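Per chain, numbering begins at 1; letters A, B, ... match sequence-line order. Not measured: the values here are computed from a predicted model.
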There are 2 protein chains.
Amino acid sequence: MEKNSTYFGVKEIARRANVSIATVDRVIHNRTGVSEKTKKKINEIIKELDYQPNILASRLASKNIIILAVLIPRVSEETDFWEVPLRGIQRADAEIKQYGIQTIPYFFDLSDKDSFVTQARLILERGVHGVMLSPSFIEQARNFTEECQKLKIPYVFIDSNIPEQRSLSYIGPHLLKSGYVGAKLLTYRMKSNKKVLVVNISKEIENYNYLQIEEGFRSYFNDNQMGNEIVRIDIKETDYLSVAKHMTSVLHDHTDIEAIFVTNSRVFTVATFLKNKNKNNISLIGYDFIKENIQYLNEGIIDFLICHKPEEQAYRAVMALYQTLVMGGSVDNIQYMPIDIITKENYEFYQN
Amino acid sequence: MEKNSTYFGVKEIARRANVSIATVDRVIHNRTGVSEKTKKKINEIIKELDYQPNILASRLASKNIIILAVLIPRVSEETDFWEVPLRGIQRADAEIKQYGIQTIPYFFDLSDKDSFVTQARLILERGVHGVMLSPSFIEQARNFTEECQKLKIPYVFIDSNIPEQRSLSYIGPHLLKSGYVGAKLLTYRMKSNKKVLVVNISKEIENYNYLQIEEGFRSYFNDNQMGNEIVRIDIKETDYLSVAKHMTSVLHDHTDIEAIFVTNSRVFTVATFLKNKNKNNISLIGYDFIKENIQYLNEGIIDFLICHKPEEQAYRAVMALYQTLVMGGSVDNIQYMPIDIITKENYEFYQN
DNA sequence: CTGAAAGCGCTTACAG
DNA sequence: CTGAAAGCGCTTACAG
């Protein structure tokens, strides 16, 4: 605590430098209007004393409030996945709002690129100090973050990354390794002569970050020289009927598929299909801790779910912006989340 | 933030009650020396205004520093498991020390009950405001926490619980379910006619919280009506030679053991044995993210490790005390940790 | 380029 | 039983 005998604050720095604390404050915050000479002297003393500002006092005295924008998909009827990151945002917000930080959410529609662009524009018009976003639409996210760069607004990606788009931080899974883990689990008890099916279900497969998961999945088979044939299908309509149609056809063409890997949270649609068709000898693995998936996990139709702590991702992303903007601290450029394995037996203790 | 237009603080309460802010402060902190009448009036206004104290200002102004004691096993050559909770404690400490909280660690020796008693006495003599402990020695922990109760010092258990010993909170695994998960993983690819071996390695098996893990493990076999015979051995000396001796003997008596489950972090000694004896067709599952275990996980000798976020446990335990003591908040009486599954493929992203 | 002074919301002696 | 005043460490106009 600052009250202990050996704590040095602005007052002591000012005393040693023979200036007022206002001047010390100017140097600490890199404000203009201080001669090079006094600036240098003060910085030396700061270093010598290893001065640590008291954030409590700083935020208490400051009037300036900091605004963070959060740009994520709206919770839709189709999937309530984005409910969870939202909780992380609220948790972070509750923690830091007493420090004068305000978090404002902006929601876009996952089936409508334009809504992303519209919300992004609103953020820019509003004028914010930091942004956290899920770059669901790569092209549009690129444009938006380029604007942020020009305005020197730091931004953090969650859920998936655009590596070349220098963000303050990426907080999310190592998608390749995640697919790798999926392959391990899927094959752990599999016979080597059987086939494996990979299913991508998304309206935008051509522009789909998550293809890295499939790449990782395949590399597990290569690395371990497994002989199983990997069949792949892309389903571009996310409704059940489309999924059922494609699944029927692929299972008809390949009768000896023993295991299915779905590269995202829509695994529940495949589970519904397997259940309806009474195919209970096929292993099924997919992604994310959402209601529908847990239901099928519980019924034994989904064997494993992989999850990357979406709530924690969002929480950390907000806190990373807070660290940079308020505390002047640095944050890791990449924070890979754990690749969590969820089963019927442990799901009740899972913490998103 | 407090600076917004509609925030009411002690000043406003004082104005409305027609008293000084000092009196308001007395009421807020339940201090003596206020007439029932004014006390009542002030409390009404507090309620009406839904007054939320500003912790920043409170801790900044306060001189009173709060001391938390942490009573955990010393890191020994035998296992560095307790290094990890220590990191959690340090992380919590770093976060709250600026609020005037001090965390003091006390270490005992896992092979010496007396050291626990000695350290516990030191804590009591020191005079602290809260305690977090690992009740490794049940009897001694019971005595100690009874003293704490008399002195009205809140305490939090981590790692394992003593349910009847009313603590502020237990933060750790649901041991029964954890064993259940172990059984699921162990049997996921097993043949039904083979035997399973459960190994308890501990100097104090008779007084061993962790037997619940075995109970959970067994109940999985019951619940799923699995036919596998479960063989069990207790090894009361933790050194490699003793483990090797017992393992040799049990594998000699039971030649058709296909899978081994070790109920704690000493699984690496069994792994060493299997490696030395070139028994690479036996599945092995055990506990905890420690160096030696990860090594064997990586070599493919250990199939899965189960882990309960020991760092997070300790972090939360300290924060729970902080919540109660400083913020006057309430905390959950039981906080079960996730039952994490660690494999060769995902361990590099694991977060303790 | 620099400083004196008021203030953030709360706590703490001290005086009465 | 109650209040006036100083202070926690920092920030912010304002004046020069």
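- The distance from atom CD1 of Ile55(A) to atom P of dG9(D) is 14 Å, rounded to the nearest whole Å.
- The residue among Ala57(B) and Ile21(B) whose nearest nucleotide of DNA chain D lies closer to the 5′ end is Ile21(B).
- In this structure, the CD1 atom of Ile13(B) is 17 Å from the C1' atom of dT2(D), given to the nearest Å.
- Minimum atom distance to the side chain of Ala22(A) is reached by dT12(D), of the listed dT12(D), dC8(D), dC10(D).
- Within 6.0 Å of CZ in Arg166(A) there are 12 or fewer heavy atoms belonging to other residues, nucleotides or ligands.
- Distance, Lys37(A) NZ to dT2(C) C1': 13 Å, rounded to whole Å.
- If you check every strand for non-hydrogen atoms under 4.0 Å, Gly9(B) touches sugar and phosphate atoms only.
- Checked against a 6.0 Å centroid threshold, the rings of Phe157(A) and Tyr170(A) do not count as neighbours.
- Within 4.0 Å of Ile28(B), counting heavy atoms only, lies no atom of the nucleic acid at all.
- One finds no side-chain N or O of Ser20(B) lying less than 4.0 angstrom from the OP1 or OP2 phosphate oxygen of dT2(D).
- With a 6.0 Å radius and a threshold of 12 heavy atoms from other residues, nucleotides or ligands, Arg121(A) has its CZ atom at or below the threshold.
- Residues Ile46(B) and Ile28(B) approach most closely at CD1-CG1, 3.8 Å, considering heavy atoms.
- Put simply, the residue from Ile123(B), Val128(B), Leu133(B), Leu168(B) that forms a side-chain contact (heavy atoms from CB on, under 4.5 Å) with Tyr155(B) is Leu133(B).
- The strand DNA chain C forms stems, runs of 3 or more Watson-Crick or G-U wobble pairs with distances below 3.5 Å, at C:1-3 with D:14-16, C:5-12 with D:5-12, C:14-16 with D:1-3.
- No donor-acceptor contact under 3.5 angstrom links the side chains of Glu12(B) and Tyr51(B), judged on distance only.
- Between the CZ atom of Arg15(A) and the P atom of dT2(C) there is a distance of 19 Å, given to the nearest Å.
- Each of dG9(C), dT2(D), dG7(C) was ranked by its minimum atom distance to the side chain of Ala61(B); first place goes to dG9(C).
- Across the protein-nucleic acid pair, His29(A) atom NE2 and dT12(D) atom C1' stand 11 Å apart, rounded to whole Å.
- dC8(D) atom P lies 9 Å from atom CG of Leu60(B), rounded to whole Å.
- Of the side-chain N and O atoms in Lys39(B), none sit less than 4.0 angstrom from OP1 or OP2 of dC1(D).
- With rounding to whole Å, Phe8(B) atom CZ is found 18 Å from dC10(C) atom C1'.
- One cannot find a donor-acceptor pair under 3.5 Å joining the base of dG9(D) and the side-chain atoms of Arg59(B).
- In this structure, the nucleotide among dC10(C), dT2(D), dG3(C) sitting nearest to the side chain of Arg26(B) is dT2(D).
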Test log, rule side chain to side chain donor-acceptor pair (under 3.5 Å), inputs Glu312(B) and Gln351(A):
CA-CA 12 Å; Glu312(B) 186 72 13; Gln351(A) 290 164 198; 5.6 Å; no

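- Distance from the side chain of Ser62(B) is smallest to dT12(C) among dT12(C), dA13(C), dG7(D).
- Distances from the side chain of Thr23(B) to the nucleotides dT2(C), dG3(D), dC8(C) place dG3(D) closest.
- Heavy-atom distances to DNA chain C give each of Val10(B) and Thr38(A) a nearest nucleotide, and the one nearer the 5′ end belongs to Thr38(A).
- Taking every side-chain heavy atom of Ser58(A) into account, dC10(D) is the closest of dT12(C), dC10(D), dC10(C).
- The closest side-chain heavy-atom distance from Val131(B) to Phe144(B) is below 4.5 Å.
- As rounded to whole Å, 10 Å separates atom C1' of dT2(D) from atom CD1 of Ile42(B).
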